[in-house]
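Data first, discussion second: the structure below is written as structure tokens.
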Amino acid sequence: MKEAGAGAPRGRRMKDGDRMETARGRVLSVASECVPLLKTGGLADVVGALPGALAAEGWEMRVLMPCYRPLRWRLEQMEEVFSEEDLFGGRGRVMAGEVAGRRMLLLDAPHLYDREGGPYAGPWGDWGDNAQRFAALSWIAARIAREGLSDGWRPEVLHAHDWQAGFAPAYLAYWGSGGVRSVLTVHNIAFQGWAPAALLPSLRLPASEFHPAALEYYGGLSSLKAGLVTADHITTVSPTYACELMRPEFGMGLQGVIAARAGQVSGILNGVDTDIWSPEAEERPYTARSLKAKAENRAVLSGAFKLDVPGPLAILVSRLTYQKGIDLIPEVLPDFIAAGGGLAVLGTGDAALEGAMRELEVRFPGRVGVRIGYDEGLSHLMFAGGDAVLVPSRFEPCGLTQMYGLRYGAIPVVALTGGLADTIINANPAALTAGCATGLTFHPTEPPAFAEALRRLIHLYADHALWEKVQKNAMRHPVGWQTSAAAYAALYRELVA
């Protein structure tokens, strides 16, 4: 294949005198969203947290993402550091600046990103040119990796996140890497970036690689598969999820691709920002040493949802989807309510599941409260005041909700899958005797097993001393980025050694 962009559409390169030797410890992170600029899910939290976490490990990370319409006002305070005249139908330029302590690179291509609606869809559904929109992001990422920016910055590692950046490792592999190594992180394999095969030439991909061992995917293209077969290393967001993805029930058609590269696959848990998610920083603060104010938070939470619950007050802060196991709630909740429990719900998603939650609120007044939508402040109150958090996901690559629960002493009740299995120590007799339990797990993800976990929750809550012990265990369990950042840093060092 062509090396270092030979024959590629030309943009502005740095002058020879501008080029600097690559500094040790530079990473270009490529993603479709990043906190605090834009968030639709946990991907943005992870992408936003990594630069700060990796700085402590000696790695400088810059984040490249599209400049969507709501972000355009930021361009006035940023500097152009790269450009290309023909970026899939129009001019594109990369603008650099600092946002909330992060070195950000915004890809300004109005013909692709300056639109009403969300990052992936408009008022009438997914954008029809999503393949080109995110191929452009990947293309520019690969060019920056090979050529560097006009300020002399050039990475040693390109770190691509999910399908939106999946073509970036492929462009490095097929157009020349310039010595830069690539990592692809799979945050959720359910989203694969499928596109028709007819787009192959317009996406600047080689026809010779359109076969099952490379780009071809059930007769079409998948940007995620393209990254999986070309990245130097693949990570997932938990060790258990890395293993699950090699099985048909979790791999969603890509299990064989991942299994074939098992030697280059690893699972690294996500972390949470413990400065933002901190019970010590809430309006009514508390710590693992003194839980008194947690009861005060519960009283405020109960008032906000108009609840009067004699037993454990559980919370559900989630997308309301089948993947998250929300359809199980109506089946298991009546017995939990009868035993003294209550539930506060905050989320949005499938209309039918939203309706099911509202029906529970009508059926159990004073014991179930529901808010459809998302409210960051309210979510903090729910973790601060909730006794338990329910996470009955059918699959969960990592999950942050259960980590927030640990941090706040809201005992997680989770399905035994993915990152949930890797982060929660089940309160079985052995763990309770050893004094290390942090939550409750259940398997399989079906109503009988979930209902049994809720019965165990009722019994645990009734034993005040044991309940407080598990709460304190949970709050002391490390959920920050320190361990995970060290693992990423070790991976980067290994790749560039």
Side-chain angles (χ1 to χ4, degrees), residues 30-48 63-76 87-93 95 99 104 106-140 161-167 187-196 198-199 202-203 220-224 252 317-324 326-327 345-359 370-379:
V30 190
S32 57
E33 53 187 85
C34 175
V35 164
L37 293 179
L38 182 138
K39 174 181 174 178
T40 68
L43 169 65
D45 290 312
V46 175
V47 174
V63 179
L64 173 68
M65 66 173 285
C67 184
Y68 306 107
R69 179 170 290 181
L71 305 180
R72 294 195 60 78
W73 65 273
R74 293 185 178 273
L75 298 177
E76 297 178 5
L87 184 62
F88 297 89
R91 186 176 187 270
R93 59 177 184 159
M95 306 295 287
V99 178
M104 296 297 304
L106 292 183
L107 175 55
D108 178 29
H111 61 290
L112 298 173
Y113 309 121
D114 186 9
R115 306 173 180 183
E116 288 292 340
Y120 317 119
W124 300 280
D126 289 351
W127 298 115
D129 60 347
N130 270 346
Q132 293 89 339
R133 296 173 74 235
F134 293 105
L137 177 69
S138 295
W139 177 265
I140 288 294
H161 297 271
D162 263 354
W163 70 268
Q164 297 94 337
F167 282 137
H187 294 262
N188 191 337
I189 206 165
F191 304 101
Q192 301 180 354
W194 191 89
L199 293 180
S202 65
L203 294 178
L221 296 168
S222 160
S223 57
L224 184 61
M252 299 189 178
V317 183
S318 175
R319 285 187 292 113
L320 304 180
T321 64
Y322 178 83
Q323 179 216 323
K324 296 294 186 179
I326 306 304
D327 56 297
V345 177
L346 174 64
T348 184
D350 296 344
L353 294 175
E354 290 181 1
M357 295 301 103
R358 292 194 184 281
E359 288 175 9
V370 176
R371 298 282 182 87
I372 299 299
Y374 186 71
D375 181 320
E376 188 81 4
L378 180 58
S379 70

The side chain to side chain contact (heavy atoms under 4.5 Å, CB included) partner of Tyr113 among Leu71, Asp108, Leu137, Leu106 is Leu137
Verdict with supporting geometry, Cys67 and Met95, side chain to side chain contact (heavy atoms under 4.5 Å, CB included): CA-CA 9 Å; Cys67 184; Met95 306 295 287; over 6 Å; no
Separation between OH (Tyr374) and CZ (Arg319), nearest 0.5 Å, reads 12.5 Å
message: Determine whether a donor-acceptor pair (N or O, by modelled atom type, separation under 3.5 Å) exists between the side chain of Gln192 and the backbone of Trp163.
response: no
In this structure, CE of Met357 is separated from CD1 of Ile372 (nearest 0.5 Å) by 8.0 Å
Closest heavy-atom pair, Ala31 versus Val47, reported as atoms and distance to 0.1 Å, is CB-CG2, 3.6 Å
dist Asp350:CG -> Lys324:NZ (nearest 0.5 Å) comes out at 12.5 Å
For Ser32 and Tyr120, the nearest pair of non-hydrogen atoms, with its separation, is OG-OH, 2.6 Å
Could you walk me through whether Leu87 and Trp139 pass the side chain to side chain contact (heavy atoms under 4.5 Å, CB included) test, one step at a time? CA-CA 8 Å; Leu87 184 62; Trp139 177 265; 4.0 Å; yes
| Is the backbone N or O of Leu112 less than 3.5 Å from a side-chain atom of Arg133, with the two atoms forming a donor-acceptor pair by type? | yes
* To do: Please check if the side chain of Asn188 supplies one atom and the backbone of Ala190 the other of a donor-acceptor pair under 3.5 Å.
  => yes
Please step through side chain to side chain contact (heavy atoms under 4.5 Å, CB included) for the pair Phe88 and Leu203, ending with a clear verdict.
CA-CA 8 Å; Phe88 297 89; Leu203 294 178; 4.2 Å; yes
What one should report as the nearest heavy-atom pair of Thr40 and Pro119 is CG2-CG, 3.8 Å
- Query: Would you say the side-chain atoms of Asn130 pair up with the backbone N or O of Gly193, donor to acceptor, closer than 3.5 Å?
  - Reply: no
Closest non-hydrogen contact found for Leu43 with Glu33 is CD2-CG, 4.0 Å
Heavy-atom nearest pair, Tyr68 first then Leu38, reads CD1-CD1, 3.8 Å
Smallest heavy-atom separation, Cys34 atom then Gly48 atom, equals SG-CA, 3.6 Å
Inset, instruction - Just say parallel, tilted or perpendicular for the rings of His187 and His161, cut-offs at 30° and 60°. - result: tilted
When rounded to the nearest 0.5 Å, the distance separating CZ of Arg69 from CD of Glu116 is 4.5 Å
Between Ser138 and Val30, is any pair of side-chain heavy atoms under 4.5 Å apart? no
d(Arg74 CZ, Leu37 CG) to nearest 0.5 Å is 5.0 Å
CD (Glu354) and OG1 (Thr321) are apart, to the nearest 0.5 Å, by 11.0 Å
